Amino acid sequence: MIIKTFGERLKKIRTLMGLTQKELSQKAGFSATNSSADVRIRQYESNRMLPKVDALKRLAQALDVDASALFTAEIQSKEELLHILFELEDEYNLKTEKDGSDFILRFSNLAEQDRQLQIYFDNWHREQLKYRKNLINKRDYDIWKGKFPSVTEVDKQAV
């Protein structure tokens, strides 16, 4: 099961952006001395410390990602995953379908319920197709996901 702690997410995004711990610390303005510049980042990545709100904003800005990209739901079991999907069913009309041994999750009438979410899904689908068709590589796709929603194309008239 995928369990992503804050530290794991931070390390993934930092390495994706090609930064060392020291470079990220300096870019976020955490340390004036070179000898201790990476200590705070190392503590975050090892989950010994969690950043306060101000530090989180500075990290996100230094990484050029949305702060929400540094946190994900920590799904610790298959049963927990199913309960999240049950909530999505109730809140967003998620439907399941089956095609052979594949399960398909479908949000029905999403545009009628939540236009902004529809736009987000449209953008995600477009980027995912680029990745699946090898028009962009995994790194670029992951960077796009990290910068979401700031990279979302929004039809201002539709919202």
Side-chain angles (χ1 to χ4, degrees), residues 1-21 24 27-28 41-42 44-51 53 55-159:
M1 194 55 27
I2 298 173
I3 301 173
K4 292 284 186 184
T5 64
F6 172 80
E8 290 172 319
R9 295 288 300 163
L10 178 63
K11 183 176 182 177
K12 177 182 177 181
I13 293 171
R14 175 184 59 77
T15 56
L16 196 62
M17 298 303 188
L19 295 172
T20 65
Q21 290 175 336
L24 175 56
K27 197 171 178 183
I41 304 302
R42 189 170 34 256
Y44 291 154
E45 289 182 359
S46 65
N47 295 301
R48 282 183 268 174
M49 280 179 43
L50 280 176
V53 174
L56 176 65
K57 289 177 183 177
R58 290 165 57 189
L59 283 168
Q61 186 175 16
L63 290 165
D64 192 27
V65 298
D66 191 82
S68 63
L70 295 171
F71 289 96
T72 58
E74 293 183 24
I75 301 170
Q76 299 182 9
S77 69
K78 294 175 178 94
E79 294 79 12
E80 189 176 338
L81 171 62
L82 263 290
H83 282 279
I84 291 169
L85 293 173
F86 296 158
E87 290 295 321
L88 291 172
E89 175 186 28
D90 293 344
E91 186 69 25
Y92 294 103
N93 201 23
L94 177 66
K95 305 280 187 221
T96 61
E97 297 177 15
K98 194 165 182 185
D99 181 11
S101 62
D102 292 341
F103 286 93
I104 301 165
L105 303 178
R106 181 183 310 275
F107 290 93
S108 299
N109 303 316
L110 190 58
E112 295 171 16
Q113 298 171 30
D114 190 327
R115 180 67 181 133
Q116 184 66 49
L117 193 55
Q118 175 72 43
I119 291 167
Y120 287 165
F121 274 111
D122 284 341
N123 280 267
W124 179 26
H125 179 69
R126 181 174 46 254
E127 291 303 310
Q128 191 180 72
L129 280 178
K130 287 180 191 176
Y131 172 62
R132 290 184 353 217
K133 293 179 178 181
N134 295 315
L135 299 174
I136 60 174
N137 60 33
K138 175 74 167 134
R139 179 182 180 277
D140 290 342
Y141 181 51
D142 285 344
I143 289 171
W144 179 89
K145 290 189 291 185
K147 292 183 179 190
F148 182 86
S150 66
V151 292
T152 301
E153 296 174 23
V154 177
D155 179 354
K156 301 291 183 194
Q157 296 174 341
V159 176

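On a predicted model such as this, the values are computed, not experimentally measured, just so you know. Scope of the values below: all heavy atoms of this structure, side chains included, with no hydrogens, waters or symmetry mates.
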Leu70 versus Phe6, closest heavy-atom pair with distance: O-CD1, 3.4 Å
Set of residues satisfying salt bridge (charged side-chain N to carboxylate O under 4.0 Å, His left out) with respect to Asp64, sequence neighbours excluded: Lys147
Shortest non-hydrogen contact from Ala69 toward Gly146: CB-O, 3.3 Å
Pairs meeting criterion salt bridge (charged side-chain N to carboxylate O under 4.0 Å, His left out) with involvement of residues 89-103, two or more places apart: Glu97-Arg106
Leu59 vs Ile41 side-chain heavy atoms within contact, under 4.5 Å: yes
From CE (Met17) to CD1 (Ile143), nearest 0.5 Å: 5.0 Å
Euclidean distance, Gln118 CD relative to Asn109 CG, rounded to 0.5 Å: 10.0 Å
Side chains of Asp66 and Ser150 in contact at under 4.5 Å (non-hydrogen atoms): no
Partners meeting ring pair (Phe, Tyr, Trp, His ring centres under 6.0 Å) with Phe121 (sequence neighbours left out): Phe107, Trp124
Heavy-atom side-chain contact between Leu105 and Thr96 under 4.5 Å: yes
Euclidean distance, Leu85 CG relative to Ile75 CD1, rounded to 0.5 Å: 8.0 Å
With sequence neighbours excluded, residues passing salt bridge (charged side-chain N to carboxylate O under 4.0 Å, His left out) with Arg9: none
Side chain proximity check, Asn123 to Arg126, heavy atoms < 4.5 angstrom: yes
Gln61, CD: over 12 other non-hydrogen atoms inside 6.0 angstrom: no
CA sep, side-chain torsions, deciding dist, call: Leu63, Leu16, side-chain contact (heavy atoms from CB on, under 4.5 Å): CA-CA 10 Å; Leu63 290 165; Leu16 196 62; over 6 Å; no
Charged N-O contact under 4.0 Å between Glu127 and Lys130: yes
Audit row: Arg132, Leu129, side-chain contact (heavy atoms from CB on, under 4.5 Å) steps and yes/no: CA-CA 5 Å; Arg132 290 184 353 217; Leu129 280 178; 3.4 Å; yes
Counterpart residues, ring pair (Phe, Tyr, Trp, His ring centres under 6.0 Å), relative to Phe148 (two or more places apart): Tyr120, Trp144
Euclidean distance, Asp122 CG relative to Leu117 CG, rounded to 0.5 Å: 10.0 Å
Heavy-atom pair with the smallest gap, counting every atom of Phe71 and Leu56: CE1-CD2, 3.5 Å
Backbone N/O of Ala62 and side chain of Lys27: donor-acceptor pair under 3.5 Å: yes
Rounded distance [0.5 Å steps], OG1 in Thr5 versus CG in Asn47: 3.5 Å
Shortest non-hydrogen separation from Lys11 to Glu45 and the atoms involved: CA-OE2, 3.4 Å
All pairs passing salt bridge (charged side-chain N to carboxylate O under 4.0 Å, His left out) where residues 137-146 contributes a residue, at least two apart: Lys138-Asp142, Asp142-Lys145
